[in-house]
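Written below as structure tokens is the structure these notes are about.
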Amino acid sequence: MSVEKEHIMTVFDGLQFTDEEISLLKQKLEIEHYKKGSLIIKSGDLVPHMYFIISGCLRTFYIDDHGKEHTFQFAIKDLWITDFTAFFKAKKALMNLEVIQNATVVKLTHKNRLHLINSIPQIHTYTREKLENAYSDLQLRTLSNLSLSAKKRYLYFIEMHPNFEKEVKNYHIASYLGITTESLSRIRKEISKSSVY
């Protein structure tokens with residue numbers, strides 16, 4: 001399904017396009033609606049798209065050899081998500097992409113992304129800045145996982161993503177933090193008690 005101009009302006013917030021550029025963007029971007037519980041990408045799939053969230057919530061997760069889920073990324077409105085390693089390197093997915101709230105997304109293939117970058121210079125700058133921010137966030141998360149206690153990782157999570165707690169389930173947050181749901185409950189109780197005094 002083709003996108004409308006309003007979707008394009010949401011994806012590329014702050015950019016201004018000519019009518020010709022809008023026409024090209026309409027050709028290269030697609031809009032899709034997914035129901036909660038849909039698995040857009042399964043481990044082992046090829047990954048032709050990256051997804052920009054217009055509404056809803058998605059997550060990527062990995063299942064280890066013991067069957068345990070490890071949530072890698074959450075994405076709500078105005079964020080991009082996919083299995084980026086598979087997408088950029090044309091390899092099979094290591095992760096799964098699940099819809100955890102009904103979602104409307106804009107889809108972009110790797111080929112169309114390159115075409116847009118080469119055709120519209122400001123999109124090149126935009127995508128570079130987005131990737132730089134994503135890399136920075138990933139580095140900070142890796143450092144927090146290596147150096148912080150579970151409680152501090154949780155506090156860092158809610159500081160960085162204040163709206164996510166309302167959007168996702170406890171076991172998703174726990175798997176993102178690398179702890180059990182019981183540990184997450186205990187941490188929340190500790191924080192609640194300390195804030196009373």
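These figures come from a predicted structure and were not determined experimentally.
- Considering only heavy atoms from C-beta on, R113 comes within 4.5 Å of T127 through its side chain.
- Taking both residues in full, the closest heavy atoms of I81 and F74 are given as CD1-C, 4.4 Å, listed atom of the first, atom of the second, then distance.
- No donor-acceptor distance shorter than 3.5 angstrom exists from the side chain of N112 to the backbone of T109, with no hydrogens or angles considered.
- Checking side-chain atoms of S185 against main-chain N and O of T181 turns up a donor-acceptor pair under 3.5 Å.
- With a 4.5 Å cut-off on side-chain heavy atoms, T60 and D83 do not count as touching.
- Taking each heavy atom of I8 and K26 in turn, the nearest pair found is CD1-CG, 3.7 Å.
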Please walk me through it: do R128 and E132 pass salt bridge (charged side-chain N to carboxylate O under 4.0 Å, His left out)? CA-CA 6 Å; R128 190 195 73 238; E132 287 171 354; 3.2 Å; yes

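- Judged purely by atom type and a 3.5 angstrom limit, T10 uses its side chain to pair as donor or acceptor with the backbone of E6.
- L29 CG to L108 CG: the interatomic distance, rounded to the nearest 0.5 Å, is 5.5 Å.
- At least one donor-acceptor pair under 3.5 Å links the side chain of S175 to the backbone N or O of H172.
- Annotation for D64 and H70: closest pair OD2-NE2, 2.8 Å, computed over non-hydrogen atoms.
- A donor-acceptor contact shorter than 3.5 Å links the side chain of Q73 to the backbone of W80.
- Minimum interatomic distance between F72 and L138 (heavy atoms only, all atoms of both residues): CZ-CD1, 3.8 Å.
- Both tests do not hold together for R141 against Y156: distance to the six-membered ring centre under 6.0 Å, angle to the ring axis within 45°.
- Residue K151 comes nearest to I191 through the heavy atom pair CE-CG1, 3.9 Å, listed as atom of the first residue, atom of the second, then distance.
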Could you walk me through whether Y51 and I41 pass the side chain to side chain contact (heavy atoms under 4.5 Å, CB included) test, one step at a time? CA-CA 11 Å; Y51 304 86; I41 298 170; 4.2 Å; yes

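- Among residue pairs with one or both ends in residues 90-111, those qualifying as salt bridge (charged side-chain N to carboxylate O under 4.0 Å, His left out) are E32-K107, R59-E98; sequence neighbours excluded.
- Using a 4.5 Å heavy-atom threshold, the side chains of I173 and L184 count as touching.
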